[in-house]
Amino acid sequence: MAVLPVFDMVLFGGTGDLVTRKLLPALYRRYAAGQVSPESRIVGVARTALSRAEYLNQAESACREFLGPEFDAPHWTAFSGLLGYVKADASVEADYAAFSTLLKGRDDIIRVFFFSTASNLFSVICRNLAKAAVVTPLSRVVLEKPLGHDTESADLINTEVGAVFTEKQIYRIDHYLGKEAVQNLMALRFGNALFEPLWRRGLIKHVQITVAEELGVERRGHFYDKTGALRDMVQNHLLQLLCIMAMEPPASSDPDAVRDEKLKVLRALRPLRDRDVLTKTVRGQYKAGAVRGAPVPGYLEEADIAPDSSTETFAALKVEIDTWRWAGVPFYLRTGKRLQDRLTELVITFDEVPHPIFEKPPTARTANELVIRLQPDESITLTILAKNPGEGMSLKPVSLALDLGETFKTRSLDAYERLLMDTVKGNLTLFMRRDELDAAWAWIDPIRAGWDKYDERPKIYIAGSWGPSASSALIGRDGFEWHDEL
Ligand code: BG6
């Protein structure tokens, strides 16, 4: 059996939502699966004065809540032996003395610093870690998204982090890349010869990428109101999905081979400048409505939201990729909070037959469609036209459907389980490189500038719907419909 690497993991933002709801449960699961060496240590860092026992209590109740029946008391007792807590203010240099003591004598093992704080603290944390002389050659740093709020702020943070860590030590996280289903998209494209010849203009008519959430802003009003859907979701998750869908086959699965190809897609995105935002983008904001029959408040009534906020909770965009493969194929991207369903889906619509010899079926859905569903369940469905049984030759769309959960009958790793272990193993494939991030912001910034220039205020939609009607119009102008509206 391979020897498990021993590591120290320091979690800044140790009492925050991400650490307690996602990172600690993910680490617990890897521990329970026998993948975390018992000599490893996991240390939460936050400003709150807490004893170790108090921190462990908080961690335990969060893990109990988020792991449900998977929580196992004996495993927890063993796992909690790895946990520690340090009270430190990220911006106070003197507080970092605690790390020198804590990490003393462990310079020869892997050290992961996970920054789960607002990104405007990343630079000061790096400077203070460097002053405390705790950054070793085996150290790496994980940066949570969104990194900055535009090109300039991201550049500054990257430069300051880069002054302390080399690019190969920097893991910029986009948890969508850690999802099993996203990896399956890579497997579908690059593990099968079948699709590659079809994956291009002339055969694909258009592509839709939807990341829809039922949830609202929850307890993150402060953050969300300054961020909005474009920066929170499009700049990272949706563009990354687009990259994996559209990239050229990489020469190998080597991290840089994959990241080079994604970067080429980002650099080939046609800029949406000036008035383009009026015809190729839609901003929306939810008002009170009902999700799954339960009444929910509007965005402006949520906690910590400015009463006159014009932050968007929904965005839809028409994206074009200026390459030989994709010229003329529109990609429609859509994401929003408080929509009708939780759904992450890619829909690839192929061209119609060039010369129909059978009677056209009485449905709008006559083209072949490949639907890759990433959430809530993982499935791949191909619709084809088949003959309706009986006399005559009438056709009807039917599905070839693969339910990946049913097929493999095993629990997929949560995105953070995979990504945290990748940071320990030193595998950068699923993390964004600095140039990718720069290219993503360079494409996003003019959209925001256009919205500001034309005072493009969000269109209101009812919570529990599929977003503002302008989103249907955006795709409808090209003669298409969103998949769920067909
Ligand atoms: C996060 C966003 O990155 O992704 C959240 O900040 C969003 O606003 C979340 O809710 C969605 O992730 P998932 O894995 O639940 O689809």
Side-chain angles (χ1 to χ4, degrees), residues 13 16-23 25-26 29 65-67 114-120 142-149 154 171-185 209-242 244 283-286 291 296 299 302-305 309 311-315 333-346 372-379 411-420 430-432 437 440-441 444 458 463 467:
D17 251 25
L18 185 75
V19 171
T20 49
R21 293 162 60 119
K22 293 280 184 186
L23 305 189
R29 277 175 157 164
E65 181 182 348
F66 294 105
L67 291 165
F114 194 118
F115 295 178
S116 168
T117 65
S119 65
N120 58 6
V142 189
L143 309 179
E144 246 311 319
K145 63 145 276 272
L147 211 154
H149 55 271
Y171 291 68
R172 296 180 190 83
I173 225 163
D174 180 318
H175 78 279
Y176 267 58
L177 291 179
K179 289 185 189 266
E180 189 82 5
V182 177
Q183 326 248 296
N184 247 319
L185 178 56
I209 303 180
T210 295
V211 181
E213 297 186 85
E214 286 174 16
L215 292 180
V217 291
E218 309 304 299
R219 291 187 287 160
R220 299 159 74 225
H222 270 306
F223 158 81
Y224 197 87
D225 209 30
K226 288 193 277 327
T227 309
L230 188 70
R231 291 184 179 121
D232 186 41
M233 298 294 286
V234 180
Q235 188 268 348
N236 32 77
H237 305 327
L238 277 94
L239 286 187
Q240 287 293 321
L241 290 176
L242 173 75
I244 293 177
R283 301 180 78 194
Q285 188 186 79
Y286 61 85
V291 175
V296 293
Y299 179 69
E302 303 266 20
D304 303 321
I305 303 296
S309 171
T311 298
E312 78 284 353
T313 59
F314 175 96
L333 271 47
R334 173 176 67 150
T335 184
K337 294 211 179 275
R338 289 282 191 234
L339 297 183
Q340 191 172 314
D341 255 327
R342 174 171 183 249
L343 177 74
T344 301
E345 194 171 78
L346 276 78
I372 303 170
R373 179 171 288 190
L374 286 75
Q375 286 180 161
D377 46 331
E378 282 178 52
S379 62
R411 176 183 80 79
S412 299
L413 291 196
D414 171 76
Y416 279 103
E417 283 180 71
R418 180 190 320 280
L419 294 174
L420 285 169
L430 300 176
F431 297 85
M432 284 193 282
L437 194 86
W441 278 124
I444 291 289

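In listed order, ligands and their atoms are each counted from 1.
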**Q** Please identify which atoms of ligand 1 are closer than 4.0 Å to at least one heavy atom of Asp232.
**A** 2 (C), 5 (C), 6 (O), 8 (O)
**Q** Show me which atoms of ligand 1 lie under 4.0 Å from any heavy atom of Lys145.
**A** 1 (C), 2 (C), 3 (O), 6 (O)
**Q** For Lys179 and ligand 1, answer yes if some heavy atom of the residue is under 4.0 Å from a ligand atom, otherwise no.
**A** yes
**Q** For atom 15 (O) of ligand 1, which protein heavy atom lies nearest, and how many Å away is it?
**A** Arg342 NH2, 4.0 Å
**Q** For Gln375, counting its heavy atoms only, list the atoms of ligand 1 lying under 4.0 Å from any of them.
**A** 14 (O), 16 (O)
**Q** In the protein, what heavy atom is nearest to atom 12 (O) of ligand 1, and what distance, to one decimal place, separates them?
**A** His175 NE2, 3.1 Å
**Q** Would you call Glu180-Arg418 a salt bridge at under 4.0 Å N-O?
**A** yes
**Q** Answer with yes or no whether Tyr176 contacts ligand 1, where contact means a heavy atom under 4.0 Å from a ligand atom.
**A** yes
**Q** Among Arg373, Arg334, Gln375, whose side-chain hydrogen bond (donor to acceptor under 3.5 Å, both in side chains) with Glu345 holds?
**A** Arg373
**Q** Is there any N or O on Tyr224 that sits under 3.5 Å from an N or O of ligand 1?
**A** no
**Q** Salt bridge or not for Glu417 and Arg411, using N-O below 4.0 Å?
**A** yes
**Q** Do the charged groups of Asp17 and Arg220 touch, with an N to O distance under 4.0 Å?
**A** no
**Q** On a heavy-atom basis, which atom in Ile173 and which in Glu144 lie closest, and how many Å separate them?
**A** CG2-OE2, 3.0 Å
**Q** Where the closest heavy atom to atom 10 (O) of ligand 1 is concerned, which of Glu213, Arg220, His237 has it?
**A** Glu213
**Q** Applying salt bridge (charged side-chain N to carboxylate O under 4.0 Å, His left out), name anything that partners Lys22, two or more places apart in sequence or on another chain.
**A** none
**Q** If you measure from CD1 on Ile209 to CG on Leu242, what distance do you get to the nearest 0.5 Å?
**A** 5.0 Å
**Q** Just jot down the ligand 1 atoms closer than 4.0 angstrom to any heavy atom of Lys337, in number order.
**A** 5 (C), 7 (C), 8 (O), 10 (O)
